[in-house]
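So you know, we letter chains A, B, ... as the sequences are listed, proteins then strands, and number each from 1.
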2 protein chains.
Amino acid sequence: MTEPAEISSLTLNRLSLYLRCLRQLQDAGTTHVSSGQFAQHFELSASLMRKDLAHFGEFGIRGTGYRVDDLAARLTTLLGLDRIHNLAVVGMGSLGSALARYLSFNDKPFRIVAAFDVDGRKVGHKIGHLVIHHSRDIPEVIPQTEAQIAVLSVPASAAQQCYEDLTVSGIEAVLNFAPTQLKQHPAVRTKSVDFQINLEELAYFLSS
Amino acid sequence: MTEPAEISSLTLNRLSLYLRCLRQLQDAGTTHVSSGQFAQHFELSASLMRKDLAHFGEFGIRGTGYRVDDLAARLTTLLGLDRIHNLAVVGMGSLGSALARYLSFNDKPFRIVAAFDVDGRKVGHKIGHLVIHHSRDIPEVIPQTEAQIAVLSVPASAAQQCYEDLTVSGIEAVLNFAPTQLKQHPAVRTKSVDFQINLEELAYFLSS
DNA sequence: CCGTGTGAAGTCCTTCACAGCT
DNA sequence: AGCTGTGAAGGACTTCACACGG
């Protein structure tokens with residue numbers, strides 16, 4: 001009813017999605033919405049949305065629906081997006097730089113506090129106001145920062161080593177972009193974003 | 001037994017993953033592997049792997065396991081990765097450029113045949129040997145190429161419009177990187193890679 | 001005897017359908 | 001009357017456990 005027993009990834013990801021959609025409604029000036037209208041507009045499931053929300057309590061008004069501002073605010077708090085989370089980016093190749101740039105827009109609840117690369121030509125240079133450290137110094141530098149989450153955007157061949165350096169440096173979570181199956185550390189929450197596998201899935205269904 | 005009834009995304013994604021792992025074994029010189037050894041080495045499930053493969057036939061030898069080369073070859077064919085698939089990249093910002101660069105390594109079964117952006121300073125310039133077209137010309141240019149899959153890496157605000165232009169131009173599949181819920185076209189297979197939502201999931205579980 | 005291939009069991013996730021609140 | 005919140009039904013995915021082939 002009130003407290004998260006153990007919430008599934010799928011539900012959590014949808015909650016993020018709902019919040020994003022609610023913000024679109026806010027921008028459009030919509031103040032109230034029912035689960036049915038919401039589902040139709042964004043091509044989602046109304047009953048699933050209600051079930052997802054039910055994990056955390058009651059958010060709506062029977063007979064009326066949901067107040068957009070209220071639901072958005074409550075989801076923001078619930079997901080912890082009213083706090084700033086500090087990130088370390090490991091691997092400042094083109095992907096790492098793109099992610100860093102994207103995350104540096106400061107209306108977001110994420111802030112980059114450390115950057116690493118193995119390339120001697122990049123080390124010491126600045127990206128924004130941030131010095132790039134050598135990857136070998138991860139265990140030394142991370143504890144001096146408040147970084148909780150690491151974004152791992154190194155080549156597949158270097159990913160496992162970097163991952164392990166991060167785990168010993170006290171990082172709490174890792175978002176991996178390297179196309180490799182990491183041997184996971186149980187105390188570090190780890191997710192992979194694997195665009196290659198998604199592309200291969202699409203390719204499978206093509207006619208020719 | 002033999003023919004794909006209707007294969008799930010989850011199974012398909014794992015098949016891609018198995019193939020990737022098998023290639024690591026090939027590089028290490030391993031010629032034979034049982035599902036148990038494989039699962040232990042890569043932290044996967046042995047019985048699930050066998051079930052996944054069972055969708056497509058029999059691949060192993062009872063009492064022995066799998067021949068690495070053979071299984072890798074059969075998965076490659078099965079997933080259609082022995083053919084080249086042509087891509088269009090829409091949105092040549094830092095993310096689109098990073099993806100383009102990554103995909104241009106030519107041992108991969110993907111080849112970029114068209115690139116688009118709205119930025120007048122980029123249009124007409126070349127990325128590698130490829131001219132960047134204006135996004136408004138998508139419906140005109142795409143049919144002249146053999147592009148089957150589009151990679152959509154534009155800002156969220158432009159994603160829906162670009163998506164629709166792509167669908168009318170005859171694209172068969174879209175891999176969306178924009179953090180927005182697309183209104184999907186039924187004839188176009190569409191997947192989203194949403195790194196923001198994954199990051200928010202990690203943030204949820206952090207202590208402070 | 002070992003490991004695959006596979007029905008059956010179990011678990012997790014989604015949809016249905018309706019009681020109850022507004 | 002309309003819509004939420006929710007038990008119960010249904011479906012999808014994973015794990016179990018063992019018959020069978022090598």
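- Minimum heavy-atom separation, B:Ala156 to B:Ala178: CA-CB, 4.1 Å.
- Across residues 25-51 of chain A, A:Ser34, A:Ser35, A:Arg50, A:Lys51 each have a non-hydrogen atom less than 4.0 Å from an atom of DNA chain D (numbered order).
- Going from atom CG of A:Leu53 over to atom P of D:dC3 covers 16 Å, rounded to whole Å.
- The CG atom of A:Leu19 lies 6.5 Å from the CG atom of A:Leu81; values are rounded to the nearest 0.5 Å.
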Point to revise | Stepwise ring pair (Phe, Tyr, Trp, His ring centres under 6.0 Å) check, B:Phe195 with A:Tyr102 | key: CA-CA 11 Å; B:Phe195 110 90; A:Tyr102 181 77; 5.6 Å; yes
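- The interatomic distance linking B:Glu58 (CD) with D:dC20 (P) rounds to 14 Å, in whole Å.
- Between the side chains of A:Glu201 and B:Ser16, not a single donor N or O lies within less than 3.5 Å of an accepting N or O.
- Atom-to-atom, CG of B:Leu71 to P of C:dG3 comes out at 16 Å; the value is rounded to the nearest Å.
- Taken from CD1 in A:Ile112 to CG in A:Asn86, the straight-line distance is 10.5 Å, to the nearest 0.5 Å.
- The phosphate of C:dG5 (OP1 or OP2) has a side-chain N or O of B:Tyr66 nearer than 4.0 angstrom.
- One can place CG of A:Asp52 at 7 Å from P of C:dT14, the figure rounded to the nearest angstrom.
- Sorted by first and then second residue, the side-chain hydrogen bond (donor to acceptor under 3.5 Å, both in side chains) pairs with a member in residues 158-170 of chain B read B:Gln160-B:Glu164, B:Gln161-B:Asp165, B:Tyr163-B:Thr190; sequence neighbours excluded.
- Sorted by residue number, the list of members of residues 193-201 of chain A with any non-hydrogen atom under 4.0 Å from DNA chain D is empty.
- The two residues A:Gly91 and A:Val154 have their closest heavy-atom pair at CA-CG1, 3.6 Å.
- Distances shown here put every side-chain N or O of B:Arg62 at or beyond 4.0 Å from the OP1 or OP2 atom of D:dA19.
- Going from atom CG of A:Leu12 over to atom C1' of C:dC13 covers 15 Å, rounded to whole Å.
- Using a 4.0 Å heavy-atom criterion, one finds that A:Thr11 contacts no nucleic acid atom at all.
- If A:Arg14 and A:Ile61 are placed on DNA chain C by their nearest nucleotide, the residue sitting closer to the 5' end is A:Arg14.
- When heavy atoms are screened at a 4.0 angstrom cut-off, B:Leu10 is found touching the sugar-phosphate backbone but no base atom.
- In this structure, the separation between CG on B:Asp70 and NE2 on B:His32 is 9.0 Å, given to the nearest 0.5 Å.
- Closest non-hydrogen pair, A:Phe59 versus A:Leu53, comes out as CE1-O, 3.2 Å.
- Whole-Å rounding puts the B:Ile7 CD1 to D:dA12 P distance at 14 Å.
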